[in-house]
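Predicted model, so just to flag it, every value in this text is computed and none were measured.
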Amino acid sequence: MTTPTQTDLTQRAEQLLREDANKIEQLIAVQLENLTAPKCPLYEEVLDTQMFGLSREIDFAVRAGLINRAQGREIISELEQKLAHLYSLVLPSPKQG
């Protein structure tokens with residue numbers, strides 16, 4: 001049995017973190033589809049909790065040397081952009097109101 005190389009571990013860690021980010025995106029998409037009020041506190045609570053959890057996972061991976069800080073920031077940034085897009089689809093823009 002061979003031991004994984006640092007590159008293998010880095011790639012696997014990044015893959016797992018991106019999978020977790022995708023799960024958060026899917027969870028939030030489902031919540032947004034089922035909201036009765038666009039500014040639902042439950043949505044914001046779930047989002048905050050999930051984002052905090054992911055940031056802690058990323059922090060651990062960085063501290064363990066599995067990914068670098070830039071990779072972690074990229075994962076969070078991409079997720080934030082996707083969530084902002086989803087949110088913009090649910091909330092009408094101020095210009096439309």
#### Entry: salt bridge (Lys or Arg N to Asp or Glu O under 4.0 Å) partners of Glu78, counting only residues at least two apart
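Applying salt bridge (Lys or Arg N to Asp or Glu O under 4.0 Å) to Glu78 gives Arg18.
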
#### Entry: Any donor-acceptor N/O pair, Ser77 side chain to Glu74 backbone, under 3.5 Å
no

#### Entry: Pairwise side-chain contact, Leu79 with Met51, heavy-atom cut-off 4.5 Å (strictly under)
yes

Just verifying a value: how many Å separate [X] [atom1] and [Y] [atom2], rounded to the nearest 0.5 Å?
X     : Y     : atom1 : atom2 : result
Ile76 : Leu83 : CD1   : CG    : 9.5 Å
Tyr87 : Glu44 : OH    : CD    : 5.5 Å
Leu47 : Phe52 : CG    : CZ    : 13.5 Å
Asp8  : Gln6  : CG    : CD    : 9.5 Å
Ile58 : Ile67 : CD1   : CD1   : 5.5 Å

Tell me, please, which residues at least two apart from [X] pass side chain to side chain contact (heavy atoms under 4.5 Å, CB included).
X     : value
Lys23 : Asp20
Gln15 : Arg12, Glu19
Thr7  : Thr5, Gln11
Leu27 : Val46, Gln50

### Query
At their closest point, which heavy atom of Leu54 faces which heavy atom of Ala21, and how far apart are they?
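Closest heavy-atom pair between Leu54 and Ala21: CD2-CB, 4.0 Å.
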
### Nearest heavy atoms of Ala29 and Leu86, plus distance in Å
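Smallest heavy-atom distance, with atoms named: CB-CD1, 3.9 Å.
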
### Task
Assess whether side-chain contact (heavy atoms from CB on, under 4.5 Å) is satisfied between Gln71 and Thr10, documenting all intermediate values.
CA-CA 10 Å; Gln71 288 169 299; Thr10 296; 3.9 Å; yes

### Task
May I have all residue pairs that pass salt bridge (Lys or Arg N to Asp or Glu O under 4.0 Å) and include part of residues 50-71, sequence neighbours excluded?
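Applying salt bridge (Lys or Arg N to Asp or Glu O under 4.0 Å) to every pair that reaches into residues 50-71, excluding sequence neighbours, yields Arg56-Asp59, Asp59-Arg63, Asp59-Arg69.
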
### Query
Leu66: which other cluster members, linking ILVMFWY side chains closer than 4.5 Å, directly or transitively?
Leu9

